[in-house]
Amino acid sequence: MTAITVPAEGAAARAKTGGRRVPVRVWVGAGVLALFVLAALVGPLLWPYDPVATHLADRLLAPGGRTATGSIAWLGTDQVGRDLFANLLAGARITLLVAGATVVVGGAVGLVVGLVSGYFGGPLDTVLSRVGDVQLAFPSILLAILLAGVLGPSITNIVITLAITRWVIFARIVRASAMSTRRLEYVDSARVLGCGHLRILVRHVLPSCWQPLLVAATVQVGLVMVAEASLSFLGLGVPVDTASWGATVSIGRDYLGSAWWISTVPAAALALVVTAVGVVGDGFRDLSDPRSQI
Amino acid sequence: MNTAQASVPEAGTALLRIRGLRAGYATRGRSGFGRRRVDAVAGVDLTVHAGQTLCVVGESGCGKSTLARSVVGLLDPFAGSISFGDVDLSAAGRRERHRVARDLQMVFQDPYTSLNPRMRVADVIAEGWHVHRGVLPAGEHAAEVDRLLSLVELDSSYAGRRLHELSGGQCQRVSIARALALRPKLIVCDEAVSALDVSVRAQVLNLLMDLQQELGVAYLFISHDLDVVRHIADEVAVMYLGTIVEHGTAAQVFQNPRHPYTRALLSAAPSIHDRPGGTNESALTGEVPSPAAPPSGCRFRTRCPIAADVCAADVPELRVRGDADHAAACHFAGENPATGS
Amino acid sequence: MGAFVAKRLGQAVIVAWGALTLVFIIVRVVPGDPAKLILGPDASADQLKHVRSDFGLDHPLWRQYLEHLGGVLHGDLGDSWRLGGSALGDTLERFPATLTLSLVALVLTILLGFPLGMLCARRPGKVLDLLVSTGSLVGQAVPSFWLGIVLILLFARELGWLPATADGSLAGVLLPAFTLALPFIGWLARLVRNGALEEGAKDYVRTARAKGVPEGLVQYVHVGRNIAVPVVTVLGLLMGNFIANAVIIEVVFSWPGIGSLMVDAITNRDYAVVEAAVLTMTVSYIALNLLVDVVYFALDPRLTPENA
Amino acid sequence: MSSTVEEVAGATEATPVARLRGVHIGFGAPGRERPVVRGVELDLVPGRVTALVGESGSGKSLTTLALMGLLPGGARVSAGSVEIDGQDTAGFTDAQWRRLRGPKIAMVFQDPMAALNPSFTVGWQVAETFRRHQGVSHRTARARTIELMRTVGIPDAEHKYHSYPHEFSGGMRQRAMIAMALALEPEVLLADEPTTALDVTVQAQILRLLTTRQAEARMAMLLVSHDLGVVARVAQHVAVMYAGRIVEAGTLDEVYTTPAHPYTRGLLDAMPDPGRPGRLVPIEGQPPAPGHLPAGCAFAPRCRFATEVCRTDDPATLPVPGRGTSTGHVAACHHSARILGTEPEARS
Amino acid sequence: MRTTGRPGAGGTHMGRRDFLAMAGLGSASVLVSGCGFGGGGGGAPKGALRAAFGQPVTDLDPYNAATAVDEASLIVKRLVFDTLVRRQGDRLVPGLASGWERTNDTTWVFTLRRGARFHDGTPVTAADVAACLKRTRAVASAQTPLWASVTKAEARDDHTVVFTTDGPLGSLPVNLTLLFVVPAARVADPEQKRRPIGSGPFRVTGFTPSTSVELARFDDYWGGRSDLPGISMPYIAETSSAITALRTGDIDLLWPIPPDQLPEVTGVKGVTVEPVPSWTYYLNWFNCSRAPFTDANVRRAMCQAVNLPQIVDRLFGRGGQQMRAPIPATVAGYAAQEPWTYDPAAAKRLLAAAGLGRGFTTSMMWFDATGPLSRELAEAMISSWADIGVTVRPQSIEKAQWLERLNSLDWDMNLQTNTVTTGDAAFTVGRLYTSKAHRMGYKNPALDQLLARAAAAPSGSERDGLYGEACKIIWSDAVGLFPLTLVTGYGRSSRLTGFTPAPNNQPDLAAVRRR
């Protein structure tokens, strides 16, 4: 009996307190994220970056150094004299684009596979699960290396590569969620009402999958950004004439002992954004799952 | 709901007919290989008459929920037939079942889990009209939702609320309104009031009874609560371990129980008229055996105070003993007249 | 029970076969001709043909595949053109190094992550808790190669405490293992914290207290036993993760493990070694999963082989 | 409130082992807590079963937990005192509480599945009580446990000792819980909805077990239940809780046959009763959410007897008029006299 | 692997404990069996020299095609094996052969040193040398062209070998610096890949491919015992790790130090840096068979558009020297040419004359590992070309794909490093620029003739002159743009003595001593 009235009390309490309060750190995270998204959108317009132009006279300038043209490189310059601030802004665009696109593509594939697999079950689920097993057992970094090798360097291909290594994770999460939702009484209730599979999937099962999917997506966005950097480290990152944080971190790593800023500036940006995404994701999960807050 | 009124069958005609129903779940065999059927419902015959309430009462694990789920098509029976009106559901195609779904609705035990918590009340109620096109033109949805809300004694302002803002009793009303939206002839209520507090439970029970009077809807009412059953039932079927052990009108079963299990149930059920140290001491020993390994002969014999050798050997038939329509499945039902509770 | 084991092994074989097929296909789809890598740019067409036939690369793909499968069944994954000798032998020779690295990383993760998580659970929402939960995010947000180099510069170059490269000593394994473990220490701590908080709110904890069991025992015996189940599961996954993630760490720290071998083999189109390495990793992953399942059974009495 | 129930009753047949005096329990920071339990007075007397009746959210479980010193995180006794053996427990350390739990006061919980640790055998968990309090060896603890399990009606105890909770049926689990609670022969037994999760026939068995043991050991027992029927079968004394207050208390007969509070009255009327067929008489509306109470009497919004004063003044708990002071029948209603004089609402 | 729970089956008397014990034992043993820190066998003796080269050693078989001209393995091979002839600075000196003589245009007689023994104790004989030549001719490798005209080698007696060529071959003694002598019985032995037997001053005690080579002194070496008890050659892939290891003394010797990292080690206490111009240089070929590079003037325009002095100075500093010929200045056959002047205006005029006044789009391919700062060099050149309206798409690709495209001439421009392994123009100029080689689509019959004559000529000024002329043609026809010769930075512990930096990146480590 108490099992049923507790939610009522919770609901009443929530209704009266006007919802759970969003913690400060989530706001900070969201703010940082918004800032970087803005920088990625507007930055390259204000501080244009030419990935093929070199200014050898200005190479390896420390942050705040003055270039030959008299301007100040606030974040320093890289090993061929390009301004790191402009590089950072241009890189933000690519990095966020790659991460976002990867998660969207991987998430979409995972969503469909997971929904179908979890809702219908049976032999289809078995086959899809085994395929997932194979891919999970297969080292993902290796898969990325091989795929990047097959496809060649381009932004699209990196997105495809990373998405292929990620879809299983999304599929697993959605599958688990769909499976548990399938067993819920309200799905039975919908079936009794005469709802077809499609309607049940879309109206009843899918909505309960969004939340875990989105939480997973926030985790994966971060991991994808880091994975993109790792690909660059292995020489399979974005093309030479594109700037991404991962590529800059990777190229600049040889200078960590002397010109630390080349690698550290984008690494810090990467860490900041990934952490911000994670914080927002945590907050999101806490909001939707009151138990995890305790 | 005037149009619906017209289509309601004459009270008393058979609406739902269950014959020889066997249903349950499959389990992995002990060796891990193969699957074994477990009959949670092991051969049940029941008939629900239009405009009437048939209560199925029994303890957990007796198969009453399996019965309910089979009736509404959530579970495919292993054997037997279920027919609704003139449609044999076990033989019906998808299209026909879909059509029957309009006349055959269900209210679940826990309104919080049986209604999608993400939906608004109006959407929950109106969902049936989207699934069964042609029942109600889209333009009339809002008005009909209001009407249904008032029918279940909820203010029309609830239409825009989300379910998690409602209390248990209010949710269960929404659940009933949703079932009523398609103007069904039969509503299966699976422990529909068990999760509610006493004061609220009385409200919902009243509502169900009022609706039956107004709309002529029939109930297949599944419950473990004898007080509730006694209160609402026209007919009562007592289930034990997948079979019906006693069946009759409410008055017959409660005032003149013929099966030892029914008697035990009645004496075990607490009542506000009990007092400490009172003589309620025919309480059963032991617990319900697993449906995967039911006892031979009479399924109740392992806990039965009057079991004899014949009970282990022969399965007692459910047949009329004495009063008309009052049937019991006990070898000794005839010679052991009831003493009342 | 026999059926359970048979079923798991059957699944394992299917997964291994799938991985093997996948790597076979991908490796051969990747552009690049091993014969050219062997002979260099000066090779004549004749020489190339010769080398290709030496390595069976001139057969049609389906035949190569069948021969490959046949070889695998006999424990023969072919010879490495680059390292000479049997590819599987070369790989297994390197595997202990990777395993050592991963195990040390796992030990570091547990030693640091578990107590940290318990401490956080003691005072949720306080400074340490926030630090750890944010720190766990930062830990995973930094590319491991960058972190590795920074740690080398810090601990080897500036402080001179640890060697910069693998020299076979225990000190040599610390830096790469720590780099490998760092992202997951905070992660484990959070897991333990959440587990401790969640289990701590359960009824049985109240029962234990109602029995008059001292608080320390309630936490470490009653709660601890129940968090052990999820924790052990993720530790198994973590170990698999470490083995896979070791690829980059091994390159950074010149660690003679299977990961660096594999990267090297891929760039040099050493098919047999790539396949052997993938098979080794896959099998170890499967073995780990099986181990996790077993430990799971040992820790959670509600599970039986029949309902697992 | 200047007098306790017992003082009003004037007749202390035995000294209470545990008593709650004007206990308030609230959630939240000190000084700003949301009160969930308000001024509860309760005496637990050896040999007597007292029932605490109320619907979910009325605060009965918290009241019970306060007696064990096991209030959940965030909740605390903000006023009044919990006394055990005449000692105020307010300043008790963990160790002091631990010494009481088990030998002095023990508890049976509602959901035996959740209340047992799934990772340890049932026997181990029962035996733990012996080991912690009596410092006996595993062997001795085991022997005592098996003996105990037998006495609470667990068949084949030797074997069942090694079973895990999930391998037990609901009734057996609750028997194990009872064994655990009775292990050290406590003077006070708290039973929080001990049969709610069980079937009727098993419920009867468990109730019988509890009352038998209680009577044999002359324990003071507090039965918490929402089920008026269960209470009727077991308790000598009844206290009815609504929205954190005890609104009516007295002997079973007093409360059940001549309820002086409209809520008690409503509860009884809402029960389906073969003696009174026809429409039930529900209490309209919903109970208030804990901590969010209306002004005046918390029951006023649902009360058909309510008048203006009910909406402004929270009634004091007073002896029910016309009973004399000897019976201990108290109620917190401005209109108890009027209610006593009204016939139960007729059913249609 | 985990499937989700199903409704429980009835009983659980399947012996949970038994199952656990069994399954646990099984899975645990799978994991544990692999544990323990293995590696490639034994290590180097205490006090061994720790020397790290910039590339990994993958194989030690002297007749493995893949490593025939691989610098890293050559370094080790020169320590483990003997050659008949050795190079010492610019001179060729006797190695295993105590002397040799060219008896006629096509016949060379080599006399073997007495007392030379293999690591397994057997003496080195002429038959071993003959077998080795036979083996090297049989294996298709990058060395194959060197031996194409050597028809046979015969053991006249135990200590005399006669080489016969099918035409005059002046470079035979030079080529013989690459013929490593192993016991005749082991020329095709797979063991040679891992634990090779040679007659050099060190023997192999441990080898983990691509990771480390461990050598111990061979006490019976004919040339006397080395001062070093052993040599350990770890491969350190990450520049930062390697530099750190040198600075902290983890390693005694590191080369080549990337140009950009030279400041990191110069002036550090205990570390000495010695830069030596190497035989390795950058080249950027134009695909002369593909428009618009079929037009020599377009190629010249490209050369003029790049400000090489600035790029080399700013980017490489002490680590590079601008080239004045298609081969490094220290290579035999080198002849200095007039450098292209940096003149974007002139370049534009040339393009306009070729009908490309509005510029054009082309591409440049390379693989990052080809040399230090390859990416930066490429970017700097591409940036320069952008100034004259030529858009170059940078294509940084994998080595395997680069190779694939290189020989099929599927590229517009190709940037790579190249090493004159023998220190002789014949190795690069003579090999790469003939019409037959067809390496960059350049076809010039006059050059072909010139190179044929040069190949036949004995070493001396005539031969050098002929190669000089070839250099001139290649340079002025702008077959490629030749930016710079790399200067190998040797960073070593200051306590080492007897170390001589070598232009071919293959210093003689046997001569090193530790103070």
Side-chain angles (χ1 to χ4, degrees), chain A residues 1-20 119-123 126 177-214 284 287-291, chain B residues 68-69 71-75 94 97-119 123-125 127-133 135 161-172 175 178-179 181-182 184 187-188 190 194-198 200-201:
Chain A
M1 174 158 297
T2 39
I4 178 163
T5 25
V6 165
E9 286 163 13
R14 211 175 314 155
K16 291 209 171 88
T17 50
R20 208 177 298 278
Y119 179 72
F120 290 106
T126 309
S177 181
M179 264 172 78
S180 61
T181 310
R182 184 185 65 174
R183 296 202 193 95
L184 288 182
E185 263 190 342
Y186 67 76
V187 171
D188 284 345
S189 165
R191 210 172 293 160
V192 170
L193 205 60
C195 295
H197 288 311
L198 190 65
R199 186 179 175 88
I200 292 177
L201 263 179
V202 173
R203 302 276 303 201
H204 297 289
V205 178
L206 183 61
S208 65
C209 298
W210 281 126
Q211 191 259 333
L213 186 72
L214 284 176
F284 186 62
L287 278 186
S288 42
D289 181 7
R291 276 175 315 161
Chain B
R69 293 171 65 83
V71 168
V72 294
L74 286 173
L75 203 65
R94 262 187 59 195
R97 290 189 107 152
H98 189 71
R99 200 168 47 75
V100 168
R102 283 174 49 184
D103 292 337
L104 181 53
Q105 282 301 309
M106 180 154 170
V107 175
F108 294 82
Q109 168 170 10
D110 182 347
Y112 284 109
T113 61
S114 65
L115 299 178
N116 190 335
R118 287 177 184 77
M119 291 169 82
D123 296 334
V124 167
I125 295 173
E127 185 166 28
W129 303 325
H130 293 285
V131 179
H132 298 270
R133 301 207 177 265
V135 172
R161 299 232 201 143
R162 294 200 184 265
L163 287 165
H164 63 77
E165 299 169 31
L166 271 55
S167 72
Q170 291 164 336
C171 262
Q172 198 61 304
S175 198
R178 169 186 166 94
L182 290 171
I187 297 180
V188 178
D190 186 3
S194 309
L196 305 177
D197 268 328
V198 182
V200 179
R201 186 174 70 188

Inset, instruction - Using non-hydrogen atoms and a 4.5 Å limit, figure out which bit of R97(B) sits close to chain A: side chain, backbone, both or neither. - result: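 Looking at R97(B), nothing touches chain A.
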Grab the two heavy atoms, one from [X] and one from [Y], that are nearest each other, plus how far apart they are.
{"X": "G194(A)", "Y": "V131(B)", "answer": "O-CG1, 2.9 Å"}
{"X": "F108(B)", "Y": "V192(A)", "answer": "CZ-CG2, 4.2 Å"}
{"X": "Y186(A)", "Y": "P117(B)", "answer": "CE2-CD, 3.5 Å"}
{"X": "R178(B)", "Y": "S189(A)", "answer": "NH2-OG, 3.1 Å"}

Inset, instruction - Can you sort out the partners of R203(A) under side-chain hydrogen bond (donor to acceptor under 3.5 Å, both in side chains), two or more places apart, ordered by chain and number? - result: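 R203(A) satisfies side-chain hydrogen bond (donor to acceptor under 3.5 Å, both in side chains) with no residue once adjacent residues are dropped.
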Legend entry - Sequence-distant partners of S208(A), side-chain hydrogen bond (donor to acceptor under 3.5 Å, both in side chains), two or more places apart: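 Once residues adjacent in sequence are excluded, the partners of S208(A) under the side-chain hydrogen bond (donor to acceptor under 3.5 Å, both in side chains) criterion are T181(A).
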With rounding to the nearest 0.5 Å, note down the distance linking [atom1] in [X] to [atom2] in [Y].
{"X": "D188(A)", "Y": "L75(B)", "atom1": "CG", "atom2": "CG", "value": "9.5 Å"}
{"X": "E185(A)", "Y": "M106(B)", "atom1": "CD", "atom2": "CE", "value": "7.0 Å"}
{"X": "H132(B)", "Y": "C195(A)", "atom1": "NE2", "atom2": "SG", "value": "7.5 Å"}

Legend entry - E127(B), R102(B), H130(B) screened by side-chain contact (heavy atoms from CB on, under 4.5 Å) with L193(A), the one that passes: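 The single option meeting the side-chain contact (heavy atoms from CB on, under 4.5 Å) with L193(A) is E127(B).
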